[in-house]
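Here the structure is a predicted model, which is why all the values come from computation and not from measurement. Atoms considered below: every heavy atom in the structure, side chains included; atoms not considered: hydrogens, waters and symmetry mates. Quick note: residue numbers are just sequence positions, from 1.
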Amino acid sequence: MSFSAADHGFMARALQLAQRGLYGTTPNPRVGCVMVRDGKVIGEGWHEKAGLPHAEAAAIAAIVGAGDTARGATAYVTLEPCSHFGRTPPCADALVAAGVLRVVAAMQDPNPLVAGQGLAKLAAAGVEVASGLLAAEAAELNIGFVSRMTRGRPWLRLKVAASLDGKTALNNGVSQWITGPAARRDAHAWRARSCAVLTGIGTVKDDNPRLTVREVPTTRQPLRVVIDSRLETPLDAAVLEGGNVLIAAAQDDPVRSAALQARGAEIVILPNAQGKVDLAALLQELGRRGVNEVLAEAGTRLNGSLLREGCVDELLIYQAPILIGDAARGMFGLAELSDLAGVQRLNIIERRVVGADLRIRARLA
């Protein structure tokens with residue numbers, strides 16, 4: 001199906017609006033909507049937070065609030081309008097009731113509860129429908145939601161701060177701070193858009209991180225997930241402050257579990273055959289909890305385990321213009337190779353200078 005230059009422009013605006021929900025819509029997707037009649041925008045909306053109106057309903061409400069109606073309009077929406085009752089009524093029904101004549105969706109909704117049914121419901125009501133306009137951009141904006149709906153697990157980004165020679169900490173564990181303040185603020189923005197931040201017991205013991213968003217404004221804090229096979233998390237660990245913590249262990253210890261639960265943590269026991277936490281099972285568990293995106297901020301050993309077990313989708317690497325030396329800790333605890341045929345290949349999708357540091361985003365080939 002062909003789309004006009006005007007169609008592209010209005011959908012690009014809808015994507016801009018969807019971006020405004022970057023930090024708040026979990027577990028829902030980020031969606032924007034632009035209503036157009038006679039070539040002019042008559043209303044806009046975006047989904048701000050789960051439980052609040054969806055983008056289409058927000059756009060219709062904006063039009064009504066301005067003393068107009070959406071009758072005869074075209075709706076440009078970044079995701080297929082929903083067709084089922086959730087916390088809010090179906091958007092497809094709202095668009096039909098509002099008298100919209102045409103709906104252009106960037107992409108179909110991968111949610112099995114929708115999956116084309118929203119567009120079908122609109123078409124059955126006599127509304128002209130089309131999809132596929134700027135679909136790649138819309139899917140990228142909701143990469144975690146798409147992952148959860150199609151794979152049952154969130155999209156996992158592995159964040160690493162390293163020196164130019166690939167070192168993440170001194171041999172004694174000291175790592176604060178390798179990168180500069182601009183890079184740290186940027187990393188907090190990635191935390192803010194994530195539904196969960198994941199780390200290991202080694203990082204908890206070495207760095208005592210809070211794993212909260214502090215450097216950028218946000219409407220919510222992500223779930224904090226600690227991989228701690230033997231429930232060794234100290235009861236005074238900063239990560240436990242304020243609750244909203246999930247500890248994944250490989251074996252239960254009723255006394256330690258009770259003490260950690262008293263500090264506000266939830267415990268899940270997910271052992272693998274080696275007596276460690278089953279990382280793939282943990283991602284499935286997070287998917288069941290509505291987690292779309294995970295940001296892993298861990299140490300060398302857990303980084304290597306996540307890679308080896310196929311849990312990593314994307315690398316977010318901050319490289320500082322410093323050299324630390326061979327004795328320091330590396331980025332990934334991976335087995336030695338004897339042949340370059342065994343290397344893990346990556347596709348670099350972005351390079352950006354952030355303050356004095358370099359940010360590289362790469363996805364596994």
Side-chain angles (χ1 to χ4, degrees), residues 156-188 190-191 197-211 215 225-230 232-234 237-239 274-277 279 294-365:
L156 188 142
R157 292 186 183 90
L158 178 54
K159 175 251 177 181
V160 181
S163 62
L164 201 59
D165 54 347
K167 304 301 180 180
T168 61
L170 301 182
N171 202 35
N172 61 9
V174 173
S175 63
Q176 297 176 336
W177 297 102
I178 287 177
T179 53
R184 296 198 293 276
R185 281 194 300 273
D186 189 74
H188 273 241
W190 287 96
R191 274 188 193 177
V197 179
L198 179 149
T199 196
I201 183 60
T203 299
V204 170
K205 288 180 174 180
D206 287 345
D207 297 343
N208 196 25
R210 282 177 281 176
L211 298 183
E215 299 287 343
V225 181
V226 180
I227 296 175
D228 178 6
S229 293
R230 295 188 293 272
E232 297 174 318
T233 300
V239 74
Q274 291 73 44
K276 303 290 186 182
V277 173
L279 299 176
V294 174
L295 183 67
E297 301 188 35
T300 302
R301 291 175 61 187
L302 182 52
N303 287 349
S305 296
L306 288 165
L307 279 168
R308 280 194 309 274
E309 297 185 28
C311 296
V312 177
D313 297 302
E314 183 174 315
L315 296 176
L316 182 65
I317 299 175
Y318 295 89
Q319 279 198 301
I322 60 174
L323 301 174
I324 296 181
D326 285 345
R329 299 182 184 183
M331 298 164 71
F332 312 108
L334 296 173
E336 181 181 359
L337 296 176
S338 59
D339 190 326
L340 285 176
V343 302
Q344 173 65 67
R345 299 196 179 275
L346 306 169
N347 294 321
I348 294 177
I349 60 172
E350 182 189 36
R351 300 179 186 88
R352 178 174 297 182
V353 174
V354 181
D357 305 310
L358 176 66
R359 187 185 78 194
I360 298 172
R361 288 175 60 213
R363 291 179 181 165
L364 277 67

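- Interatomic distance, Ile227 CD1 to Thr233 OG1, rounded to the nearest 0.5 Å: 11.0 Å.
- Summarising the local packing, CZ of Arg363 is surrounded by more than 12 heavy atoms from other residues, nucleotides or ligands at distances under 6.0 Å.
- Nearest approach of Thr179 to Arg184, heavy atoms of both residues: O-NH1, 2.6 Å.
- For the pair Asp186 (side chain) and Ala182 (backbone), a donor-acceptor distance under 3.5 Å is absent.
- Between Ile201 and Ser229, every side-chain heavy-atom pair lies at or beyond the 4.5 Å cut-off.
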Quiz prompt | Residues Asn303, Leu158; criterion side chain to side chain contact (heavy atoms under 4.5 Å, CB included); working and verdict | solution = CA-CA 7 Å; Asn303 287 349; Leu158 178 54; 3.0 Å; yes
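- The shortest side-chain heavy-atom distance between Val160 and Phe332 falls under the 4.5 Å cut-off.
- Once rounded to the nearest 0.5 Å, the distance linking CG of Leu198 with CG of Leu211 reads 9.0 Å.
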Quiz prompt | Evaluation steps, side chain to side chain contact (heavy atoms under 4.5 Å, CB included), between Val204 and Asp228 | solution = CA-CA 9 Å; Val204 170; Asp228 178 6; over 6 Å; no
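- The pair Arg361-Glu350 meets the salt-bridge criterion, since a charged nitrogen lies less than 4.0 angstrom from a carboxylate oxygen.
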Exercise. Start with the C-alpha distance between Tyr318 and Lys159, add both sets of side-chain angles, then the distance that settles side chain to side chain contact (heavy atoms under 4.5 Å, CB included), and finish with yes or no.
Key: CA-CA 8 Å; Tyr318 295 89; Lys159 175 251 177 181; 4.0 Å; yes
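- With a 6.0 Å radius and a threshold of 12 heavy atoms from other residues, nucleotides or ligands, Arg308 has its CZ atom above the threshold.
- Ile317 is not listed as a side-chain neighbour of Arg359, based on a closest heavy-atom distance of 4.5 Å or more.
- In this structure, the side chains of Ile324 and Leu164 stay at 4.5 Å or more apart for every pair of heavy atoms.
- Expressed to the nearest 0.5 Å, how far CD of Glu297 lies from CG of Leu302 amounts to 12.0 Å.
- Remark: the backbone N or O of Gly180 is paired with a side-chain donor or acceptor of Asp357 at under 3.5 angstrom.
- Rounding to the nearest 0.5 Å places CG of Leu156 at 9.5 Å from CG of Leu307.
- Pairing each heavy atom of Met331 with each of Gly166, the nearest pair is CG-O, 3.3 Å.
- Ion pairing between a basic and an acidic side chain is recognised when a charged N comes within 4.0 Å of a carboxylate O; Asp206 and Arg329 show such pairing.
- Residue Ala341 comes nearest to Asp339 through the heavy atom pair N-OD1, 2.8 Å, listed as atom of the first residue, atom of the second, then distance.
- Distance check, rounded to the nearest 0.5 Å: CD1 of Ile360 to CD1 of Ile349 gives 11.5 Å.
- Within the 3.5 Å criterion, the main-chain N or O of Arg301 finds a donor-acceptor partner in the side chain of Ser305.
- Annotation: the span from Gln319 atom CD to Asp165 atom CG amounts to 9.0 Å, rounded to 0.5 Å.
- Taking the side chain as every heavy atom from C-beta outward, Ser163 and Ile322 approach each other to under 4.5 Å.
- The two residues Gly200 and Val226 come nearest to each other via the heavy atoms C-CG1, 4.3 Å.
- Closest non-hydrogen pair, Leu279 versus Cys311, comes out as CB-SG, 3.7 Å.
- Contact check for Gln344 versus Leu364: side-chain heavy atoms found under the 4.5 Å cut-off.
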Exercise. Could you walk me through whether Glu232 and Lys205 pass the side chain to side chain contact (heavy atoms under 4.5 Å, CB included) test, one step at a time?
Key: CA-CA 9 Å; Glu232 297 174 318; Lys205 288 180 174 180; 3.4 Å; yes
